[in-house]
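Structure first, then comments.
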Amino acid sequence: MSDSRGAPTLRSDARRNVDRIRHAAVQVFREQGFSAPLEEVAAAAEVSKGTIFNRLGGRVGLIDAVIDEVVAVELRTVIEDARSVVDIRERICSYVDALRDLQYRLPAVNDVLLQEYRDSEPLLALCHAGTAFHDSLVAQGRAAGVLADDFAPEDFQALARDNALVLKCGGRPARADYDRRTAFVLGGICASSGAST
């Protein structure tokens, strides 16, 4: 069977399986990140792991199918919210705070920042959008004198990646400790409060 464009159509039971897989993947990936065992996604969807491969092509196909629902919408919202902040110091601080919050709440954000699945074009596109935004923040912050003189775009990337590695491999600290460390990070990269904005 095929649709009006000649693309193959799925039987109703196969469509239901794909819908259940997508729903389960969103839940599991939001809780555990994109490296969660596919067996857990299959169990939550009440299908076999083979069905995931047959219908979506495996892990990368599954990531591509659900990345917007798992992390992309939230990451783009953080960027757009930061862009709307007029004061550059506040823009940088609100962005770093919001990004670190996402990293803490959604393990899949760390997979994006670490570019864990380079075969996923939507994941890499999200990485590139984040990199471009980081670069513009650093340029604006340095031009306004609100970032330390020697703070470079690659330092911003390293801070995000380092945090991702710690959260992914080193365990999740208590939220109060994590938020306190976010304040230390911001205090270290920003120039003294007396600098012009």
Side-chain angles (χ1 to χ4, degrees), residues 1-82 95 98-134 157-175 178:
M1 278 194 279
S2 60
D3 65 14
S4 60
R5 297 168 300 179
T9 57
L10 296 175
R11 297 182 326 259
S12 62
D13 62 327
R15 273 195 313 275
R16 278 192 303 276
N17 281 346
V18 169
D19 290 343
R20 286 199 324 257
I21 292 167
R22 286 176 51 91
H23 178 74
V26 168
Q27 300 307 314
V28 171
F29 288 163
R30 283 182 70 86
E31 292 171 8
Q32 299 179 38
F34 290 129
S35 57
L38 289 183
E39 291 83 1
E40 289 189 32
V41 174
E46 299 178 348
V47 300
S48 71
K49 183 177 169 184
T51 301
I52 294 173
F53 281 87
N54 289 336
R55 295 295 171 212
L56 295 157
R59 182 176 305 277
V60 171
L62 187 54
I63 290 169
D64 291 353
V66 299
I67 194 167
D68 281 342
E69 296 162 90
V70 175
V71 295
V73 170
E74 292 200 51
L75 275 170
R76 287 187 199 109
T77 299
V78 164
I79 290 171
E80 291 310 312
D81 287 351
Y95 176 72
L99 179 61
R100 286 179 57 93
D101 174 65
L102 273 185
Q103 286 183 271
Y104 190 87
R105 289 187 301 106
L106 294 174
V109 169
N110 299 313
D111 294 326
V112 171
L113 293 170
L114 295 170
Q115 298 181 15
E116 290 283 326
Y117 298 97
R118 292 176 180 261
D119 291 336
S120 171
E121 290 181 25
L123 186 143
L124 288 182
L126 201 51
C127 290
H128 296 312
T131 298
F133 184 65
H134 295 167
Q157 301 298 343
L159 284 172
R161 279 193 312 272
D162 290 352
N163 192 49
L165 282 168
V166 168
L167 289 171
K168 188 170 177 80
C169 303
R172 199 170 279 334
R175 185 63 197 233
Y178 185 79

Residues 61-73, side-chain donor-acceptor partners within the protein, below 3.5 Å, at least two apart:
| from | atom 1 | to | atom 2 | distance (Å) |
| --- | --- | --- | --- | --- |
| Asp64 | OD1 | Ser120 | OG | 2.5 |
| Asp68 | OD1 | Arg76 | NH1 | 3.3 |
| Glu69 | OE2 | Arg22 | NH2 | 2.7 |

So how far is it from [X] [atom1] to [Y] [atom2], rounded to the nearest 0.5 Å?
| X | Y | atom1 | atom2 | answer |
| --- | --- | --- | --- | --- |
| Ile79 | Leu99 | CD1 | CG | 8.5 Å |
| Asn17 | Arg55 | CG | CZ | 7.0 Å |
| Arg20 | Glu46 | CZ | CD | 6.0 Å |
| Leu38 | Lys49 | CG | NZ | 5.5 Å |
| Gln27 | His23 | CD | NE2 | 4.5 Å |
| Leu167 | Arg100 | CG | CZ | 7.5 Å |

On a heavy-atom basis, which atom in [X] and which in [Y] lie closest, and how many Å separate them?
| X | Y | result |
| --- | --- | --- |
| Arg161 | Leu113 | CG-O, 3.7 Å |
| Pro107 | Gly33 | CB-N, 3.6 Å |
| Val78 | Ala98 | CG1-CB, 3.7 Å |
| Val41 | Ile52 | CG1-CD1, 3.9 Å |

So, Tyr178 versus Asn163: side-chain donor-acceptor pair below 3.5 Å or not? yes

Check the pair Arg59, Phe53 against side chain to side chain contact (heavy atoms under 4.5 Å, CB included), reporting the backbone distance first and the verdict last. CA-CA 8 Å; Arg59 182 176 305 277; Phe53 281 87; over 6 Å; no

side-chain hydrogen bond (donor to acceptor under 3.5 Å, both in side chains) between Gln115 and Arg118: does it pass, once the steps are laid out? CA-CA 6 Å; Gln115 298 181 15; Arg118 292 176 180 261; 3.1 Å; yes

Does Val112 reach the side chain of Cys127, with side-chain heavy atoms less than 4.5 Å apart? yes

Donor-acceptor under 3.5 Å (Gln103 side chain, Ala160 main chain): yes

Is Tyr104 reaching over with its side chain to a backbone N or O of Pro173, donor-acceptor style, under 3.5 angstrom? yes

Taking side chain to side chain donor-acceptor pair (under 3.5 Å) as the definition, give me every residue that meets it alongside Ser35, ordered by chain and number, with sequence neighbours left out. Lys168

Results of side chain to side chain contact (heavy atoms under 4.5 Å, CB included) for Ser48 - residues two or more places apart only: Thr51

Kindly determine whether Asp101 and Arg105 satisfy salt bridge (charged side-chain N to carboxylate O under 4.0 Å, His left out), including the steps that lead there. CA-CA 6 Å; Asp101 174 65; Arg105 289 187 301 106; 2.8 Å; yes

Starting from the C-alpha separation in whole Å, work towards a yes-or-no answer on side chain to side chain contact (heavy atoms under 4.5 Å, CB included) for Leu114 and Phe34. CA-CA 11 Å; Leu114 295 170; Phe34 290 129; over 6 Å; no

Let's go through Arg30 and Glu74 carefully: what are the C-alpha distance in whole Å and the side-chain angles of both, what is the deciding distance for salt bridge (charged side-chain N to carboxylate O under 4.0 Å, His left out) to 0.1 Å, and is it a yes or a no? CA-CA 11 Å; Arg30 283 182 70 86; Glu74 292 200 51; 2.8 Å; yes

